[in-house]
There are 2 protein chains.
Amino acid sequence: MTDINFKDRSSGPLAAAAEPPAEPGAATPRWDIIELLFFAYRDFVGDADHVLEAFGFGRAHHRVIHFVHRYPGLKVADLLDVLRITKQSLGRVLKQLLDEAYIVQKAGDSDRRQRLLFATAKGEALVAKLAGLQTDRINRALAGFAPGEAEAVGRFLRGMIDRDDPDKVLEIILQADGASAKDRR
Amino acid sequence: MTDINFKDRSSGPLAAAAEPPAEPGAATPRWDIIELLFFAYRDFVGDADHVLEAFGFGRAHHRVIHFVHRYPGLKVADLLDVLRITKQSLGRVLKQLLDEAYIVQKAGDSDRRQRLLFATAKGEALVAKLAGLQTDRINRALAGFAPGEAEAVGRFLRGMIDRDDPDKVLEIILQADGASAKDRR
DNA sequence: CAGATATGTCAATATGACTGACATAAACTT
DNA sequence: AAGTTTATGTCAGTCATATTGACATATCTG
C-alpha cells in the first residue's frame with residue numbers, strides 16, 4: 001500500500017514533530033487540541049453539508065436559517081452581528097431563503113423599518129433535520145461521559161469564546177454560565 | 001441602546017426557542033453544543049486570521065503550512081487527503097508558500113515522483129506564531145480544569161471525528177487514543 | 001423638517017473551492 | 001522494451017461566498 005511504516009512514528013517521514021516552544025516564556029503549543037478541533041469541526045459541519053447540497057444550499061444558508069429558527073424575530077442587523085458578514089453577503093443568501101419560503105419577514109412592532117425574521121414550517125423542518133444529524137454525532141461523542149465530564153466539555157467551549165464584544169445572540173448563550181442548567185432546556 | 005429586554009428571555013423577541021424534538025424517536029437537539037461549537041470555532045480561527053492577513057495569506061495557507069510543519073515529509077497526496085480539497089485548489093496556495101520560501105520540496109527517496117514537503121525556518125516561525133495564539137486561548141479555556149476534565153475535552157473532540165476512512169495524518173492523531181499520553185508529547 | 005437609522009440593491013472584486021482536460025516524469029507490469 | 005499506472009503540475013472555466021463602495025427607500029427621532 002505504502003512504504004511508510006506508521007508504527008515507527010519516531011523515525012517515519014510522517015511522524016508528528018515533537019519540539020519545545022520556540023521562545024522562552026511561550027506556552028507549549030497544544031497541537032493535540034488544535035488539530036482535534038480542526039478535524040472535529042470539519043466532520044461536524046460535514047454532516048450538514050451533504051443534506052444542504054440536495055437542497056441547493058450551502059453553509060451560509062444553514063447558518064442563517066439556524067439562527068433565525070433558534071431566535072425567532074431576529075433582526076437583520078442582529079444576524080449580521082452573529083455571522084460577522086456584510087449585509088451584501090447576507091442579502092443573496094437571505095433572499096433565496098425568503099423566495100423559497102424557508103423564512104418570512106415581519107415588520108417590527110415598535111419600529112416598522114425593522115424586518116424581523118421567522119422560520120416557516122418548511123424552514124424549521126430543514127433545521128431540525130440538520131440539527132438531528134449533528135446531535136447524533138454529539139451524543140455519540142458524549143456517550144458514557146459522566147455528568148461532570150459532559151459539563152466540562154460545555155465549559156471548555158464557552159471558555160473558547162471571546163467575551164469582549166458579545167453580540168446579542170451570544171449574550172443569551174453565555175448567560176447560561178451563571179444561570180441554572182434548566183434555563184437552557 | 002436597544003428596545004429589547006434581554007433579561008426577560010421568556011418573552012423577548014430574541015429568546016431562544018425551546019421546543020420538543022420534532023419526530024418521535026429523534027433525540028432532543030443539543031442546541032447548546034451546536035451553537036457553542038460554532039462560536040468557539042469562529043473565535044478560534046479568528047485568532048490566526050488577523051495575523052495571516054498581515055502576511056497576505058488566508059486560512060488555506062495556514063492549514064497547509066500547519067500540517068507540513070507538523071508532519072515533515074508529508075506528500076502532496078497526503079495533504080490532499082487531510083484537507084479534503086482538489087490538487088488544483090491546493091496548487092495555487094502551495095505555489096505561493098513555495099515561492100515565498102515558507103515550504104520546500106524534496107524528491108522522495110524511494111519514489112522520486114513524490115514531492116515531500118518541509119517547512120523552512122520562516123515557515124516554522126509563522127506556524128509557531130499562529131499556534132501560540134491558539135494555544136493561549138485553549139489554555140485560558142482549560143484554566144482550572146481538573147486533569148480528568150481536560151482529558152474529557154480531548155476525548156469528546158476525538159469522539160466527534162469520523163472513524164470510517166481516516167487518512168494517514170488522522171490515523172496518527174487518533175492512535176493516541178489507546179497509547180499513553182506522553183506519546184503525544 | 002432635518003438628520004440618523006434599518007434595510008435593500010447595484011457593481012466590481014477577491015478568495016478558495018470545484019470539474020475537466022492534458023502534460024510530464026517515474027514507477028510498475030507484462 | 002513497451003505499455004500502463006501513479007504522483008504531480010498546470011491551464012481554463014465556473015461557482016459560492018465573501019469583500020468595499022455607492023446609492024435608494026422607508027421610517028424613526030430630535
Side-chain angles (χ1 to χ4, degrees), chain A residues 1-4 13 42 45-46 48-50 52-65 68 73-99 103-117 167-168, chain B residues 1-4 13-14 42 45-46 48-50 52-53 55-65 68 73-99 103-117 167-168:
Chain A
M1 196 169 195
T2 167
D3 54 332
I4 293 173
R42 180 187 72 172
V45 298
D49 285 345
H50 306 303
L52 288 162
E53 204 178 358
F55 284 76
F57 290 151
R59 282 182 199 174
H61 301 86
H62 185 192
R63 294 195 289 262
V64 170
I65 187 70
V68 168
L74 202 64
K75 290 187 302 175
V76 169
D78 294 331
L79 204 42
L80 294 177
D81 277 352
V82 174
L83 304 181
R84 297 215 181 142
I85 58 175
T86 57
K87 64 178 170 178
Q88 293 91 332
S89 293
L90 177 61
R92 181 182 46 87
V93 170
L94 186 55
K95 194 168 188 309
Q96 272 182 273
L97 291 169
L98 287 165
D99 287 348
I103 287 178
V104 288
Q105 286 180 327
K106 229 188 70 177
D109 225 29
S110 55
D111 185 339
R112 295 208 320 259
R113 288 172 306 180
Q114 296 175 348
R115 298 302 146 87
L116 307 187
L117 304 171
D167 50 65
K168 294 164 186 178
Chain B
M1 196 173 188
T2 169
D3 53 332
I4 294 175
L14 265 195
R42 180 187 72 173
V45 297
D49 285 346
H50 306 303
L52 288 162
E53 205 177 359
F55 284 76
F57 290 151
R59 283 182 197 174
H61 301 84
H62 184 193
R63 293 195 288 262
V64 170
I65 186 71
V68 168
L74 203 62
K75 290 187 301 176
V76 169
D78 294 331
L79 203 41
L80 294 178
D81 276 352
V82 174
L83 303 181
R84 296 212 182 146
I85 58 176
T86 57
K87 64 179 170 177
Q88 294 90 332
S89 294
L90 177 60
R92 183 178 45 85
V93 170
L94 186 54
K95 195 169 187 309
Q96 270 182 274
L97 291 169
L98 288 165
D99 287 349
I103 287 178
V104 289
Q105 287 179 325
K106 227 188 73 178
D109 225 29
S110 55
D111 186 339
R112 295 207 322 259
R113 288 172 307 179
Q114 297 174 346
R115 299 302 146 86
L116 308 186
L117 304 171
D167 50 65
K168 294 164 185 179

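Note that the structure is predicted; figures quoted are calculated from it, not measured. Side chains are part of it too, since the values below use all heavy atoms of this structure and drop only hydrogens, waters and symmetry mates. The chains referred to below are lettered A, B, ... by the order of the sequence lines, with proteins before strands, and numbering in each begins at 1.
- Counting only heavy atoms from C-beta outward, the side chains of B:D167 and B:D78 never approach each other to under 4.5 Å.
- Following rounding to the nearest Å, B:L79 (CG) and C:dG16 (C1') show an atom-to-atom distance of 15 Å.
- Between the side chain of B:R42 and the main chain of A:V82, a donor-acceptor pair closer than 3.5 Å is present.
- The phosphate of D:dA18 has neither OP1 nor OP2 within less than 4.0 Å of any side-chain N or O from A:T86.
- We find that NE2 of B:H62 is positioned 18 Å from P of C:dT15, with the value rounded to whole Å.
- Looking at heavy-atom distances under 4.0 Å, B:Q105 makes contact with sugar-phosphate atoms alone, never a base.
- Surrounding CG of B:D49 are more than 12 heavy atoms belonging to other residues, nucleotides or ligands, all under 6.0 Å away.
- For a distance-only test at 3.5 Å, the side chain of B:Q88 fails to qualify as a donor-acceptor partner of the base of D:dG13.
- Residue contacts for B:R92: at a heavy-atom cut-off of 4.0 Å it reaches a base atom on one of the strands shown.
- The NZ-P distance, from B:K95 to D:dG9, rounds to 11 Å in whole Å.
- Atom CG in B:L117 sits roughly 14 Å away from atom P in D:dA7 (whole-Å rounding).
- A close approach under 4.0 Å does occur between a side-chain nitrogen or oxygen of B:S89 and OP1 or OP2 of C:dC18.
- In this model, the phosphate group of D:dA18 is approached by a side-chain N or O of A:R63 to a distance below 4.0 Å at OP1 or OP2.
- A:Q96 has its CD atom 11 Å from the C1' atom of D:dT17, to the nearest Å.
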Under 3.5 Å between N/O atoms: give me all the protein pairs with nucleotides 23-30 of chain C, atom names plus distance.
unit_1	atom_1	unit_2	atom_2	d
C:dA27	OP1	B:R112	N	3.2

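- At a threshold of 4.0 angstrom between heavy atoms, the contacts of A:G91 with the nucleic acid are absent.
- A straight line from CG of B:L98 to C1' of D:dT8 spans 12 Å, rounded to a whole angstrom.
- Here CZ of A:R59 is found 11.0 Å from NE2 of A:H62. Values are rounded to the nearest 0.5 Å.
- B:R84 places its CZ atom 12 Å from the P atom of C:dC18, with the value rounded to the nearest Å.
- With values rounded to the nearest 0.5 angstrom, A:Q105 atom CD is found 11.0 Å from A:L97 atom CG.
- Looking at heavy atoms from C-beta onward, A:K75 lies in side-chain contact with A:L116 at the 4.5 angstrom threshold.
- For B:A77 and A:H61, each mapped to the nucleotide of DNA chain D holding its nearest heavy atom, the one lying further toward the 5' end belongs to B:A77.
- At whole-Å resolution of the value, CG in A:L83 and P in D:dT19 are 10 Å apart.
- The shortest side-chain heavy-atom distance between B:L117 and B:V76 falls under the 4.5 Å cut-off.
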